[in-house]
Amino acid sequence: RLDRLPERYAILELSADLRQRQQALFAAEAPELLDRVAWLDTLPERIRGLVVGNEVLDALPVHLVRWQDGRMYERGVALAGDGFAWQDRLLETGPLQAAADALPVSGDDYLSEVCLAAPALVRSLAERLEQGMLLFLDYGFPRAEYYHPDRRRGTLMCHYRHRAYDDPFYLPGLADITAHVDFTLIADAALAAGLDVLGYTGQAHFLVNCGLLERLAELEPGTTAYLREAARVQKLIQPTEMGELFKAIALTRGDLPPSLGFGRGDRRHAL
């Protein structure tokens with residue numbers, strides 16, 4: 001949208017297979033950009049620039065916690081014959097207990113996720129960020145919605161070959177296991193690490209603010225290219241598709257120019 005390619009684009013990719021696929025894609029589709037791209041094995045010690053985490057937070061490991069009879073239990077996995085089964089144990093004093101105790105959960109028979117890894121990731125990035133922005137795009141809610149009384153079974157989901165289901169004991173080791181993001185947790189971790197929360201909004205507002213519709217309007221209406229791109233745009237911004245469930249949050253350090261993505265529809269007040 002800025003019509004200005006980054007001088008250097010670094011990809012932190014731990015999977016050798018995915019790294020090879022990415023390199024092959026650049027070589028086939030945009031070989032002129034290869035000299036700008038670098039692949040990393042670890043986070044750099046110092047960062048000045050933009051860090052983009054697209055569907056990273058939802059893939060971080062979470063703890064399952066059950067509230068029952070005025071007590072909190074951590075839900076774990078036990079062997080059951082040739083398979084697996086859930087097993088709960090009383091939650092002991094420690095970081096998980098402290099995090100769960102601070103959540104706005106009331107009543108019994110309530111199960112949800114607590115993610116300790118997300119604030120740790122934000123802290124690690126904040127320690128390295130000298131100047132710039134951390135931009136996360138993911139599906140999730142502010143805390144009041146995440147731990148709403150009606151969301152009593154949590155958000156844990158499994159994905160295998162573009163199919164979604166809620167039983168992690170089906171196809172163990174093959175499926176992706178994800179949980180929605182508590183964006184209040186992300187904002188709190190950023191502020192505690194000395195970052196500013198520049199903006200928080202739905203994906204539809206973010207992309208429209210960034211000029212997505214203006215880019216679409218550059219194509220000739222009625223052409224195959226326009227219809228193809230219009231369908232993609234609809235999926236990205238429709239509330240019933242990705243436009244509302246997905247959110248964007250920007251965490252910054254230092255003096256930066258005004259952000260394109262948060263001029264309208266900023267929802268920091270909901271965090």
Side-chain angles (χ1 to χ4, degrees), residues 1-13 15-39 49-59 133-141 155 157-165 174-181 183 199-250 257-267:
R1 179 67 181 93
L2 293 171
D3 197 27
R4 199 173 105 191
L5 288 170
E7 295 178 6
R8 183 171 182 266
Y9 185 83
I11 303 175
L12 178 60
E13 180 57 75
S15 166
D17 175 60
L18 290 179
R19 183 178 293 204
Q20 289 178 354
R21 288 198 231 172
Q22 292 159 5
Q23 292 168 343
L25 182 63
F26 269 104
E29 301 291 339
E32 72 279 6
L33 298 180
L34 265 177
D35 61 346
R36 297 176 184 258
V37 183
W39 277 265
L50 171 66
V51 178
V52 180
N54 183 35
E55 289 194 67
V56 170
L57 298 176
D58 71 87
M133 176 188 295
L134 311 179
L135 176 63
F136 292 106
L137 298 107
D138 227 311
Y139 47 88
F141 314 100
T155 70
M157 288 295 294
C158 302
H159 302 269
Y160 179 71
R161 293 184 177 178
H162 305 290
R163 300 289 182 92
Y165 57 95
L174 296 177
D176 290 329
I177 303 176
T178 71
H180 284 47
V181 177
F183 280 101
Y200 166 72
T201 192
Q203 178 172 282
H205 270 113
F206 177 75
L207 293 176
V208 170
N209 289 343
C210 285
L212 180 65
L213 298 184
E214 286 82 354
R215 293 300 298 271
L216 180 63
E218 293 172 2
L219 300 175
E220 184 179 350
T223 63
T224 301
Y226 179 89
L227 295 175
R228 181 178 63 248
E229 296 304 322
R232 291 173 174 173
V233 168
Q234 287 292 323
K235 186 173 182 63
L236 289 171
I237 67 175
Q238 279 286 355
T240 54
E241 293 283 352
M242 299 171 65
E244 180 55 33
L245 180 58
F246 278 72
K247 309 294 195 309
I249 190 169
S259 172
L260 290 170
F262 301 94
R264 291 171 292 177
D266 190 0
R267 301 185 199 168

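Everything quoted here is computed from the prediction, not taken from an experiment.
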Q: Find the distance between OH (Y9) and CG (L50) and round it off to the nearest 0.5 Å.
A: 9.0 Å
Q: For E218, look at atom CD and say whether over 12 heavy atoms of other residues, nucleotides or ligands are found less than 6.0 Å away.
A: yes
(Q) Any side-chain to backbone donor/acceptor pair from D138 onto L57? Under 3.5 Å, distance only. (A) yes
Q. With under 30° as parallel and over 60° as perpendicular, where do the rings of F246 and Y139 fit, or are they tilted in between?
A. perpendicular
Q: State, yes or no, whether a side-chain contact exists between V51 and L135 at a heavy-atom distance under 4.5 Å.
A: no
Q: Spell out, as yes or no, whether a donor-acceptor pair under 3.5 Å connects the side chain of R264 to the backbone of H205.
A: no
Q: Drop me the distance from F183's CZ to I249's CD1, to the nearest 0.5 angstrom.
A: 6.5 Å
Q: Working to the nearest 0.5 Å, report the span between OG1 of T240 and CG of L245.
A: 11.5 Å
Validation: residues 22-31 side-chain donor-acceptor distances under 3.5 Å, sequence neighbours left out:
unit_1, atom_1, unit_2, atom_2, d
Q22, OE1, W39, NE1, 2.8
Q22, NE2, E13, OE1, 2.9

Q) Is atom CD of E7 surrounded by more than 12 heavy atoms (other residues, nucleotides or ligands) closer than 6.0 Å? A) no
Q | Non-hydrogen atoms of N209 and G263 that approach each other most closely | A | ND2-N, 3.6 Å
Q: For the residue pair Y226 and E220, establish whether any side-chain heavy-atom pair is separated by less than 4.5 Å.
A: no
Q | Rounded distance [0.5 Å steps], OH in Y165 versus CE in M157 | A | 9.5 Å
Q) Of all heavy-atom pairs between G222 and L227, which one has the smallest distance, and what is that distance? A) O-CD1, 4.2 Å
Q. Judged by atom type as modelled, is there a donor-acceptor pair below 3.5 Å linking the side chain of D58 to the main-chain atoms of T178?
A. no
Q) Any idea which heavy atoms bring L216 and E229 closest together, and the distance? A) CD1-CB, 3.9 Å
Q. What's the spacing between L213 CG and L207 CG if we round to 0.5 Å?
A. 9.0 Å
Q. Looking only at heavy atoms, what is the nearest atom pair of A248 and L137, with distance?
A. CB-CD2, 4.1 Å
Q: Any chance you could measure Q234, atom CD, to E241, atom CD, to the nearest 0.5 Å?
A: 9.0 Å
Q | Pair F206 + F262: ring centers closer than 6.0 Å | A | yes
Q | Pair R267 + E244: basic N to acidic O under 4.0 Å | A | yes
Q | Minimum heavy-atom distance L236-Q203, with the two atoms named | A | O-NE2, 2.9 Å
Q. Minimum heavy-atom separation for G261 to C210, with atom names?
A. CA-SG, 3.8 Å
